[in-house]
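Take a look at the structure below.
Proteins get letters first, then strands, A, B, ... in listed order; numbering begins at 1 in each. Below, each value reflects all heavy atoms present in this structure, side chains not excepted, and no hydrogens, waters or symmetry copies.
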Number of protein chains: 2
Amino acid sequence: MPTASDFERLLRGASLRVTAPRIAVLSAVHEHPHADTDSIIGVVRQNLGAVSHQAVYDVLRALTGAGLLRRIEPQGSVARYEARVGDNHHHVVCRSCGAIADVDCSVGAAPCLDASDDHGFVIDEAEVIYWGTCPECTTAAKSS
Amino acid sequence: MPTASDFERLLRGASLRVTAPRIAVLSAVHEHPHADTDSIIGVVRQNLGAVSHQAVYDVLRALTGAGLLRRIEPQGSVARYEARVGDNHHHVVCRSCGAIADVDCSVGAAPCLDASDDHGFVIDEAEVIYWGTCPECTTAAKSS
DNA sequence: TCAGTAACTTGACTCGCTCAAGAAAAGGCG
DNA sequence: CGCCTTTTCTTGAGCGAGTCAAGTTACTGA
């Protein structure tokens with residue numbers, strides 16, 4: 001797990017000012033991958049004390065814009081954030097409980113970047129979401 | 001373009017009662033693929049006169065649940081609906097203007113259904129969203 | 001150290017959508 | 001056909017995630 005000074009380096013590398021809320025948000029997302037905004041606010045407040053929700057929203061947007069965080073929002077879920085960026089991995093989402101897990105790309109680094117007919121669009125990213133049932137929910141469904 | 005009696009048959013096939021709002025919503029989505037809820041409400045009201053927004057929401061949910069419509073909601077966009085169901089096609093979304101176009105699956109009918117490591121999840125669907133820039137926005141960006 | 005700008009606080013507000021209760025109408029049955 | 005049950009629609013309030021705006025605070029580079 002990276003330390004506060006690692007996060008500071010990340011921020012400076014992105015030409016962002018180093019502030020306590022930013023360090024705390026980065027740290028929270030590293031510790032809790034796929035956490036929603038509310039949980040992140042909770043974790044940040046545990047570490048820093050009072051922090052406005054607006055600050056967290058701002059920080060999340062700044063960090064996402066700078067490429068330090070990635071925002072994901074599967075249908076029916078609120079926005080979630082993760083710190084694993086730049087490796088083009090995907091996600092599998094449980095239809096039953098909403099759990100999210102990481103999935104490496106099965107076809108190499110930048111997989112399905114060719115659509116069969118792209119309608120003239122210039123495509124720069126392919127985002128894949130696998131839908132299914134997580135082990136816990138599968139077990140629960142069988143036993144019921 | 002299907003007629004009202006085609007839609008009636010669709011509804012009966014799904015054991016749903018046949019009502020004017022439902023026919024109108026089905027028709028609106030067929031005519032305007034990828035339309036958001038608000039536009040659908042507008043089209044429905046043009047054809048039927050006064051219809052409550054709640055009715056449209058209910059109808060959209062019923063039809064989506066019955067598999068007659070598909071709901072898509074790319075990040076940063078409100079919910080949109082389309083009538084093309086059951087053929088596992090995907091979408092390309094313009095980052096600049098939000099335009100959506102259909103893309104057939106490049107790897108066959110049910111493509112990337114294997115994740116490299118599925119974490120024990122039972123996966124039943126892979127949803128792919130291509131991100132890029134549409135022809136109009138590409139042209140606009142060059143000329144500016 | 002100081003100035004200037006970026007970031008944070010506070011609080012109101014918007015938007016998409018849902019909840020709830022009652023009225024209307026679809027469709028099975030006599 | 002006309003009644004009865006159940007589903008669907010209307011009306012109107014309400015909720016939650018996120019945004020906007022104005023003013024204060026505090027990084028950072030000179």
Seminar exercise, completed: Rounded to whole Å, the OH-P distance (B/Tyr57 to D/dT11) equals 17 Å
For this session: Look at the side-chain N and O atoms of A/Thr19 and state whether any lies under 4.0 Å from the OP1 or OP2 oxygen of C/dC8.
Result: yes
Exercise. Would you say A/Thr37 reaches D/dG18's phosphate, i.e. side-chain N/O to OP1/OP2 under 4.0 Å?
Worked result: yes
Problem set entry | Separation of atom CG in A/Leu11 from atom C1' in C/dA7, rounded to whole Å | 12 Å
For this session: Start with the C-alpha gap between A/Ser27 and A/Glu31, add the side-chain angles, then the distance that decides, and say whether side chain to side chain donor-acceptor pair (under 3.5 Å) holds.
Result: CA-CA 6 Å; A/Ser27 160; A/Glu31 281 165 30; 3.2 Å; yes
For this session: Check whether any side-chain nitrogen or oxygen of A/Arg61 sits under 4.0 Å from OP1 or OP2 of D/dG18, and answer yes or no.
Result: no
For this session: Mind calculating the distance between CG (A/Leu16) and C1' (D/dC27) to the nearest angstrom?
Result: 12 Å
Problem set entry | Side-chain donor/acceptor of B/Gln54 to base of C/dC19, under 3.5 Å | yes
Problem set entry | Between D/dA26 (P) and A/Leu48 (CG): distance, integer Å | 13 Å
Problem set entry | Integer-rounded Å distance: C/dA26 C1' and B/Ile23 CD1 | 13 Å
Exercise. When the aromatic ring centroids of B/His32 and B/His30 are compared, is their separation below 6.0 Å?
Worked result: no
Exercise. Which is true for A/Ala79 with a 4.0 Å heavy-atom rule: it touches a base, it touches only sugar-phosphate, or it touches nothing?
Worked result: sugar-phosphate
Exercise. Below 4.0 angstrom, N of the basic side chain to O of the carboxylate: do A/Asp87 and A/Arg70 qualify?
Worked result: no
Problem set entry | Closest to side chain of A/Val78, choosing from D/dG18, D/dT6, C/dT10 | D/dG18
For this session: To the nearest Å, give me how far apart NE2 (B/His53) and C1' (D/dG14) are.
Result: 11 Å
Exercise. D/dT8 base to B/Arg22 side chain: any donor-acceptor pair below 3.5 Å?
Worked result: no
Seminar exercise, completed: B/Arg17 has its side chain closest, among D/dT10, D/dT6, C/dT9, to D/dT6
Exercise. With a 4.0 Å cut-off on heavy atoms, is A/Ala62 in touch with a base, just the backbone sugar-phosphate, or nothing at all?
Worked result: nothing
For this session: Looking only at non-hydrogen atoms, find the nearest pair between A/Glu8 and A/Ile23 and report the distance.
Result: N-CD1, 3.9 Å
For this session: Measure from CG on B/Asp36 to C1' on C/dC15 and round the result to the nearest Å.
Result: 12 Å
Problem set entry | B/Arg12 CZ - D/dT8 P separation (whole Å) | 13 Å
Exercise. Taking it one step at a time, do B/Arg71 and B/Glu82 satisfy side chain to side chain contact (heavy atoms under 4.5 Å, CB included)?
Worked result: CA-CA 7 Å; B/Arg71 177 187 175 118; B/Glu82 65 179 357; over 6 Å; no
